[in-house]
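The structure under discussion appears below in the form of structure tokens.
Only heavy atoms go into these numbers, but all of them, side chains included; no hydrogens, no water, no symmetry mates. Just so you know, ligand 1 is whichever comes first in the structure, and atom 1 is the first atom listed for that ligand.
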Amino acid sequence: MSTPFIGKREYFPGIGAIPYEGIGSDNPLAFKHYDANKKVGDKTMAEHLRFAACYWHSFCNAGHDPFGPGTRVYPWDKHASTALGRAEDKIDAAFEFFTKLGVPYYCFHDIDMSPDADDIGEYEKNLKHMVALAKERQQSTGMKLLWGTANLFSHPRYMNGAGTNPDFAVVARAAAQIKAALEATVELGGENYVFWGGREGYASLHNTDTKRELNNFAKFLTAARDYGRSIGFQGKYLIEPKPMEPMNHQYDFDSSTVVGFLKQNGLDKDFSLNIEANHATLSGHTFEHDLQIASNHGMLGSIDANRGNAQNGWDTDQFPSDLYDTVGAMMVVLRQGGLAPGGLNFDAKVRRESTDADDLFIAHVGGMDSFARGLEVAHSLLNVSPWEKWRAERYASFDAGKGKDFAEGKLDLASLRDLAVAQGEPTQRSGKQERYENLINQYLMR
Ligand code: XLS
Ligand code: CA
Ligand code: CA
């Protein structure tokens, strides 16, 4: 992370590289917990957390909502007279921001970085041009690409889905974009490639053949996987579950649903999951639940770090600031031995009312600090506190003897019945939930 400002002009004047100042500091533009080189266990914070910033919310979204236009005027949109010129300015702003913030990774959709076009040749040409610039900037700053993806949900042609569209012409059109986005990801050394099935679902069952759409979806993903491998993509493919919004129902509903779909279609070796906090809560789970289920299958690949809003349940994509969430998430990540080659991508946006240039920095600083503190607390809970011992004791009856035989599938129902008779009424065992809740608070406040 050498030069904080590399473009034609500076877009965030007055803001330098964000320093670590520790918890005594009240400087909003300094880290209080995230100290990139600090060791937690055998890895540094930077190695554990693998932070990424995203292109779409921070550089493309000016704060529009269904009731009004954007509230922020972006300086990178003001100078150039062509879409390509504005994209070139935007890439300067993006890399200036990434490097000043000190995140090692970024993520983008094809048309965040490069102007879209209905003509496929023009779209591909634009993307190649922008990817060449991104490559130069990656080389001069040391920034890396956590994942690339294609936006198959914004253009009106995708209103009925992309890979699951009832019209084959749209499926093929979507494939053209995935092909280009995979090539871009390979060219930029992307470590993962994400599929978020934004409109892969339905608005109404009346007109939808779900069996056919799901079969087509599997063929679409298989073709994408094979093409990526054929051009040298060695990273993980990631499906990002979300239960609804924009559709009434989305096929990639939650971790369990996606794991089942991948296994059913022979895709589970190449694909893992990218879990977004706000999508997990939309599906009626907690963030930690969806992380844990993916991890149980060895398929927790990466995380989109954000949070929803308890008052309305929408996909509000707020920056993560809830320490209970980050502790819970990092417990899952640490138990599975880390996230690499995935990372923690801030798929989060500042509020529509947050209109100053420094708000984008403040929001990311808060998210990074929240996960850094979550990491430290989770590490202590797992390695210092009695948490793991208590949890193991709860299941100790399966560690030896007949309980072990049962867990290994060696006991039939009749022998279980005879054992029940011999042992008599089981002794009541408290779940002791409050003891764990108190332990989290105790370590959070240390
Ligand atoms: C939208 C999704 C999207 C994916 C990438 O809700 O979170 O941004 O992460 O297409
Ligand atoms: Ca996301
Ligand atoms: Ca979201």
Evaluate the criterion side-chain hydrogen bond (donor to acceptor under 3.5 Å, both in side chains) for residue pair Glu191 and Tyr105; output intermediate values, then yes/no.
CA-CA 10 Å; Glu191 298 185 25; Tyr105 289 96; 3.1 Å; yes
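- Aromatic ring orientation, Tyr251 versus His249: perpendicular (interplanar angle above 60°, classes split at 30° and 60°).
- Under 3.5 Å, the side chains of Glu288 and Thr286 contain no donor-acceptor pair of N or O atoms.
- A parallel orientation is assigned to the rings of Trp76 and Tyr74, their planes being inclined by less than 30° (bins at 30° and 60°).
- Exactly one residue among Phe12, Phe51, Phe97 makes a ring-ring contact (aromatic ring centres under 6.0 Å, His included) with His364. That residue is Phe97.
- Within the protein, the N, O or S atoms sitting under 3.0 Å from the Ca ion (ligand 2) are Glu240 OE2, Glu276 OE1, Asp304 OD2, Asp347 OD2.
- Sorted by chain and number, the heavy-atom contacts of ligand 1 below 4.0 Å come from Trp56, His109, Trp147, Phe153, Trp196, Glu240, Lys242, Glu276, His279, Asp304, Asp315, Asp347.
- With no hydrogens or angles considered, no side-chain donor-acceptor pair links Asp347 and Asn306 at under 3.5 Å.
- In this pair, Phe95 and Phe98 present their aromatic rings perpendicular. The plane angle is above 60°, beyond the 30 to 60° band.
- Side-chain contact of Gln138 with Tyr106: a donor-acceptor pair under 3.5 Å is present, judged by distance alone.
- A salt bridge between Lys179 and Glu124 is absent, with no side-chain N of the basic residue lying under 4.0 Å from a carboxylate O of the acidic one.
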